[in-house]
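Following: one structure in structure tokens, then a few remarks.
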Amino acid sequence: MAEKQHLYLVDGSSYIFRAYHRLPPLTNPEGTPVGAVYGYTTMLWKLAKDLHQADGPTHLAVILDKSGTSFRNELYDAYKANRPPAPEDLVPQFPLIRDATRAFSLSCIEEEGLEADDMIASYAREAARQGWDVTIVSSDKDLMQLVGPSAGGGYIDMLDTMKNQRIDVAEVVEKFGVQPELVGDVLALMGDSVDNVPGIRGVGPKTATKLIQDYGDLESALAAAETMKPSKMRERLLDEADMARLSRLLVELKQDCALPLPLESFRLTEIPPAPLADFLRTHGFSSLLRRIDATEGTSPPAPAATGGVDSAPTRAASAGDRQEAPVMPPVDRSLYTCIQSLPELDAFLARAFATRSVAVDTETSALDAMQADLTGVSLALGPNDACYIPLGHGGTDMFAEKPQQIPLDVALARLKPLLESDTVLKIGQNIKYDLNVLARYGITVFPVDDTMAMSFALNAGRSEEGIGGGHGMDEQAERHLGHTTIKFKDVCGTGRSAISFAEVPLDRATEYAAEDADVTWRLHSILGNQLHDEGGTRIYERVDRPLIPVLAQMERHGIKVDREQLARLSSEFAERIGGLEKEIHALAGSEFTIGSPKQLGDVLFDRLGYKGGRKGKSGQYSTDQSVLEKLAGQGAEIATKVLDWRQLAKLKSTYTDALQAAINPATGRVHTSYSLVGAQTGRLSSTDPNLQNIPARTEIGRRIREAFVAEPGNVLLAADYSQIELRLAAHMADVPSLKDAFAKGEDIHARTAEEMFGMVDRDTRARAKTINFAILYGISRWGLASRLGVEADEAQAMIDRYFERFPGIQRYIVATLEQVRECGYSETLFGRKTWFPRINAKNQAERQGSERAAINAPIQGTCADIIKRAMARMMPELRAAGLGHIRMLLQVHDELVFELPENDVDAARPVIARVMNDAAGPAIRLDVPLGVEIGTGKNWDAAH
DNA sequence: CAGCTCACG
DNA sequence: GACGTACGTGAGCTGT
């Protein structure tokens, strides 16, 4: 039987655009940018390598766009008219793409007057007609029309090499909600802003899919517009039907182009090495070059980087000059070693000392760094040069035979000098975790770099949704290395059947753990260069990096909570909750689950017939605080009771119960975990438990704060920045009258009231305060109106008045939005970037949401930068004052909490106040003074 | 796992 | 034409 032919058609042009944006900048020895070319070359390499593999190519051709116009421009002269020009450092790479293709001795097709898509479609159809399978190497959505079985017996699918994902009918249906044959109809409705395909205005992917699903195809949907209920969409479908038809022609792929070369000429053979080697040498792609040499037997394969552009581990951001961008060999797990004897360990450590830069990762028995036991340590010195040192493997069964391992204490004694050496940089992904684990074994790791914090300094706000915000190692490995890591759950499983890492067999554990260190090392090398290129060094080096050991220390300190006090509150709350429950059920006339908004809504608005129920998009009544307060105001007793019940239930479950459970049995204290990458603005976040949202605003809530206490003989000291965000707004927006008021120590809300209303009383001051906050958060007339309980018109008048009195504020807002629209990011005074990818979104709500966030981010972020700087300087300054024993425990955005002997309060106060007040300088000289209020007491509430 | 609600700055 | 309308978080609960 004849071999099944499989043609791979590479969409070269679209690949390099994507590669350009996703790969690090990189230049060849002559200084020509070659980042995208490198990506393209490795892709061809991988594809060609799969010759003889099941489902691999037997034939391969590259299709490129030829510059110039196509037949589509005759249909629609604006076609692709608003394409931005290619980036400056991509342009010189286009001809190199042809060189690269030639170097692989592959065919390259480009035809005047046709687009690559048409040529790809024509070749794909012809090959499939002859019974060949076809894989289109592209992620272009237009090409998805072709996917599926074809007349003649061939089958067409696609391969997205960036995401390493096959695109088959199922993926197309998932993306477009319709079969591939109807993709063109969907595209015609939604249009394409990049290609300037008009579509129907106001119709995006969601609506387009829905229309085609509902009516079957484009013409039916257009015809059905007549019968639709009156709406903007109906009008546009009617008015713009011809635009949709034109769009349909534009997205139609021409599948009968003349084929310049016969299919058979694309047959893939072993690549002749000589021209390829020449090309790789010219552009400094030495890792690929070595692989050719290796297969040719001219030089041994090199597992670790030893020279050329592959080398040079860099002290990321502190390096004065940008390092040559690394071209790294792909991850090869077979090269990792498992270290089970002392001589092996000593040999590796000796090399680590010589290298002066080592990626470190610890494997442990639990996620909580304060409770986790060490299971092993992995180290990496360069790409594929990584090891795993098992230390606690053997599982839980004491009779089971344990694998050979260096005894824990012996190994740690050898590791300690390396991990504590000033001259060896330790690189980690979220290294704060490893710092805390190792600190519990008596090792103070220093100095460190953190690839997670580096990623955040570069890309805050840039990622799509997801835990870790795109700064997790697995996501970074995909993004920067194009590498799919082994996942923890693949090694240990999930749920009930999960095993601990200690039970994982050593060969598997080594692959996983050493890969983490390897990948971390690689990321560090790439991120260091990017930080340098993109101006992220300042914020990372000066603000976030120094904070890592400080936060680790705070987490290890923890804070004491009075378990008995919490238990007393829990039972008191339980009793009151029970009482309220009975009363609520009696008022309702039946028993129901009060904690279920669904049931509560039904009871209040359907059964009891209260007015004012509003339903959200889920079709459910809202029962939130503002709704219940309205009902209570109308005399609904049940609403008052539910509000009380809610408050107590919240306090009990989230605080009095949960905090008792959070007490660490070994230390008797509660240890939170701070995240440096938790908030897009640069603020910290706190988890497990969250100690940044302990009740403070209500009387009853503050009783929970009273349970946070100092050790006997000590007190808690709370130091707050006073109105720091408003002060920063006054400085950043340059508002003379506000700056003046702060300089004179006046009541700022009163001053605002005076400016706005010409008089100060309780009412005008309260309104002024609301308006001040509205400004910080990005104002809308509706938001302000609902807060002030006035009409939107009146709120708008107040906003106008505010901008009139404080024109600097309006200038600041306009300038900030301009910069964000232009550059895509906002910046704090210290240069922290926050990205706003939705700032130019078509959807109004989405766009306006981004605008408000963008107005707020520089202010909130600058505040975060300042307190972080204060925290990094705090302990050295206290030590200098002979107060090194004071413990800094908590940070709550504008507040620091310390624990110290009662006798040291008087000495500590001025030091803490000075460090916090001076934290912006010397880098930034603020036009307004900062203000710090300090209180002390036996518990956190009393310290305020 | 999503949605609702609510604790904080 | 309806929606949602202040910025930034994390956590517990209900219900699918």
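Numbered from 1 within each chain, the chains take letters A, B, ... in sequence-line order.
Look at A:Glu706 and A:Arg568 and you find no salt bridge, because none of the NZ, NE, NH1 or NH2 atoms lies under 4.0 Å from a carboxylate O. Here A:Lys432 pairs with A:Glu555 in a salt bridge; the nearest charged N to carboxylate O distance falls below 4.0 Å. Ion pairing of A:Arg832 with A:Asp544 is present here, as a side-chain N (NZ or NE/NH1/NH2) and a carboxylate O approach within less than 4.0 Å. Remark: A:Arg821 engages A:Glu851 in a salt bridge, criterion side-chain N to carboxylate O under 4.0 Å.
Here the options are A:Leu717, A:Ile912, A:Leu896, the test is side-chain contact (heavy atoms from CB on, under 4.5 Å), and the partner is A:Met888; only A:Leu896 passes. The side-chain contact (heavy atoms from CB on, under 4.5 Å) test with A:Leu691 is passed by exactly one of A:Val897, A:Val892, A:Leu890: A:Leu890.
Counting any heavy atom pair closer than 4.0 Å across all strands shown, A:Glu725 reaches no nucleic acid atom. Within 4.0 Å (heavy atoms only), A:Arg781 reaches no atom of the nucleic acid at all. Here A:Ser686 lies in heavy-atom contact (under 4.0 Å) with sugar-phosphate atoms only. Residue-level contact check: A:Asn693 touches the bases, meaning some heavy atom is under 4.0 Å from a base atom. If you check every strand for non-hydrogen atoms under 4.0 Å, A:Gln625 touches sugar and phosphate atoms only. Residue contacts shown for A:Ile694 are limited to sugar-phosphate atoms, with no base heavy atom under 4.0 Å away.
Distance noted for atom P between B:dA2 and C:dA6: 23 Å (whole Å). To the nearest whole angstrom, the two P atoms, one in B:dA7 and one in C:dA2, are 34 Å apart. Taking atom P in both C:dT5 and B:dC6, one finds a spacing of 15 Å when rounded to whole Å.
In this structure, the CZ atom of A:Arg236 is 11 Å from the C1' atom of C:dG1, given to the nearest Å. If you measure from atom CZ of A:Arg832 to atom P of C:dG8, you get 15 Å, rounded to the nearest angstrom. Straight-line distance from the CZ atom of A:Phe592 to the C1' atom of C:dT14: 14 Å, rounded to whole Å.
Nearest to the side-chain atoms of A:Ser685 among the listed nucleotides B:dC6, C:dT9, C:dG12 stands C:dT9. Nearest nucleotide to the side chain of A:Gln680, out of C:dT9, C:dT14, B:dT5: C:dT9. Among the nucleotides C:dT14, C:dG8, C:dA6, the one closest to the side chain of A:His893 is C:dG8. The side chain of A:Pro695 approaches B:dC8 more closely than any other nucleotide in the set B:dT5, B:dC8, C:dG8. Among B:dC8, C:dG8, C:dA11, the nucleotide with an atom closest to any side-chain atom of A:Ala853 is C:dG8. Considering only side-chain atoms of A:Arg697, the nucleotide from C:dG12, B:dG9, C:dC7 that sits closest is B:dG9. The side chain of A:Arg646 has B:dT5 as its nearest neighbour among B:dT5, C:dT16, C:dG8. Side-chain atoms of A:Trp782 lie closest to C:dT5 of the nucleotides C:dA11, C:dT5, B:dG9. When distances are taken from the side chain of A:Asn690 to each of B:dT5, C:dA6, C:dA11, the shortest belongs to C:dA11.
Within 6.0 Å of the NZ atom in A:Lys842, the count of heavy atoms belonging to other residues, nucleotides or ligands does not exceed 12.
Between A:Arg234 and C:dG1 there is no side-chain N or O to OP1 or OP2 distance below 4.0 Å. For the OP1/OP2 pair of B:dG9 and a distance below 4.0 Å, the side-chain nitrogens and oxygens of A:Arg683 include no atom meeting the criterion. The phosphate of C:dG15 has OP1 or OP2 within less than 4.0 Å of a side-chain N or O from A:Gln599. Residue A:Thr687 has no polar side-chain atom (N or O) positioned under 4.0 Å from OP1 or OP2 of C:dG10.
Residues passing the ring-ring contact (aromatic ring centres under 6.0 Å, His included) test with A:Phe592 are A:His585, sequence neighbours excluded.
DNA chain C lies under 4.0 Å from at least one heavy atom of each of the following residues of residues 648-655 of chain A: A:Lys650, A:Ser653, A:Thr654. If you check residues 766-775 of chain A against DNA chain C, the residues with a heavy atom closer than 4.0 Å are A:Thr770, A:Ala774, listed by number.
Under the 30°/60° scheme for interplanar angles, the aromatic rings of A:Phe605 and A:Tyr621 are found to be tilted.
For the residue pair A:Glu895 / A:His944, a side-chain donor-acceptor distance below 3.5 Å is found, with atom types taken as modelled.
The nucleotide B:dC8 finds its pairing partner in C:dG8, both defining distances of the Watson-Crick or G-U wobble pair being shorter than 3.5 Å.
A cation-pi arrangement is found for A:Lys833 relative to A:Tyr825, the charged atom lying closer than 6.0 Å to the ring centre and inside a 45° cone about the ring normal.
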